[in-house]
Amino acid sequence: MIPGARLVLLGRQGAGKGTQCVRLSRHLVIPHISTGDMLRAAVREGTPLGVMAKAVIDAGGLVGDDIMIGLVSERLEQDDARVRGYILDGFPRTVGQAISLDEVAAKRPLDMVVDLVVPRELVLDRLSARRVCRDCGANYQVSGIEPAQWSCENCGGDVVQRDDDTPDAINRRLDLYETQTQPLIDYYGQSGRLVQIDGVGSPDEVFDRLTKGVEQRR
Ligand code: ADP
């Protein structure tokens, strides 16, 4: 166990980042902070942030840096993250967000940034077949005939397709990943904080590589 680790997990949409973050957060016993989950919760609650974010998310766009930075800095000030550290999933997504994160985390800097590497050609099919639990966010893949009523194995919630997992929104998100998020690889690489992990393989194989990479580094 690594007490108080502060990690960022980067990776293309559909690279299995969310699932690996959930596992790693259990393994290291540190909070998993997903900005996608935070925004989707705001959408469900119908808050002003949620109403604004829904249109952006459904179109496959990015919510503004100022809003995202405000949301994340508030979350990082909560006791669990201050004491135990965190795994950030989906943030930062732009160089502007990364620079602000370094400022916000100046007193307790990031330990490591992991890039889960999966080529674009491999993620397209996975994203189109992805279904998620509306309540707990568990991920599933459609194979064969999709059940008319699909309940989550973990919590019994409805398993549905995300509104932003349409072909247009998927392509837009993947394009934005290349133009906005990929430059973070250089940003973190230059400061010696980056570890790249091959994300191709079964979830167990990838998790094994991930934990070895994280533990070796500490
Ligand atoms: P994905 O599967 O596309 O990686 P996420 O669940 O991480 O999706 O995020 C869903 C959507 O929420 C993104 O497409 C984007 O619109 C918005 N979002 C999440 N995190 C950020 C962020 N750091 N900056 C801007 N927008 C974000």
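Order of listing sets the numbers, starting from 1, for every ligand and every atom in it. Values reported hereafter were calculated over all heavy atoms of this structure, with side chains retained and with hydrogens, waters and symmetry mates removed.
Looking from atom 24 (N) of ligand 1 to the surrounding protein, the closest heavy atom is Q97 NE2, 3.0 Å. The protein atom (non-hydrogen) at minimum distance from atom 5 (P) of ligand 1 is R93 NH2, 3.7 Å. Looking only at heavy atoms of the protein, atom 8 (O) of ligand 1 is closest to R162 NH2, 3.1 Å. In terms of protein heavy atoms, atom 23 (N) of ligand 1 is closest to G90 O, 2.9 Å. Of all protein heavy atoms, the one closest to atom 1 (P) of ligand 1 is Q13 CG, 3.3 Å. Protein heavy atom in closest approach to atom 16 (O) of ligand 1: G61 O, 2.6 Å.
Within the listing of ligand 1, atoms 20 (N), 21 (C), 22 (C), 23 (N), 24 (N), 25 (C) sit less than 4.0 angstrom from a heavy atom of M68. Counting the atoms of ligand 1 from 1 in the order shown, those under 4.0 Å from a heavy atom of G36 are 5 (P), 6 (O), 9 (O), 19 (C).
A salt bridge does not link R172 with D168: none of the charged nitrogens is closer than 4.0 Å to a carboxylate oxygen. Electrostatic pairing of D165 and R126 does not count as a salt bridge here, judged by no charged N lying under 4.0 Å from a carboxylate O. Salt-bridge check for R40 with D164: failed, with every basic side-chain N at 4.0 Å or more from each acidic carboxylate O.
Taking only non-hydrogen atoms, the option from R12, R173, R40, R130 nearest to atom 6 (O) of ligand 1 is R40. One option in V63, T35, V123, L39 has a heavy atom closer to atom 18 (N) of ligand 1 than any other, and that option is L39.
The line from CD of E146 to OH of Y140 is 13.0 Å long, rounded to the nearest 0.5 Å. In this structure, the separation between CD1 on I57 and CG on D163 is 9.5 Å, given to the nearest 0.5 Å.
Partners of R209 by salt bridge (Lys or Arg N to Asp or Glu O under 4.0 Å), not counting sequence neighbours, listed by chain and number: D198.
The neighbour count for Q161 CD, taken as heavy atoms of other residues, nucleotides or ligands under 6.0 Å away, is above 12.
Both tests do not hold together for R193 against Y188: distance to the six-membered ring centre under 6.0 Å, angle to the ring axis within 45°.
Polar contact check, L62 against ligand 1: no nitrogen or oxygen pair lies under 3.5 Å apart.
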* Intermediate values then yes/no, side chain to side chain donor-acceptor pair (under 3.5 Å), Y187 and D102 -> CA-CA 11 Å; Y187 178 82; D102 280 340; 2.6 Å; yes

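Heavy atoms of Q180 found under 4.0 angstrom from ligand 1: none, in either backbone or side chain.
Not close to ligand 1: G60, with no non-hydrogen atom less than 4.0 angstrom away.
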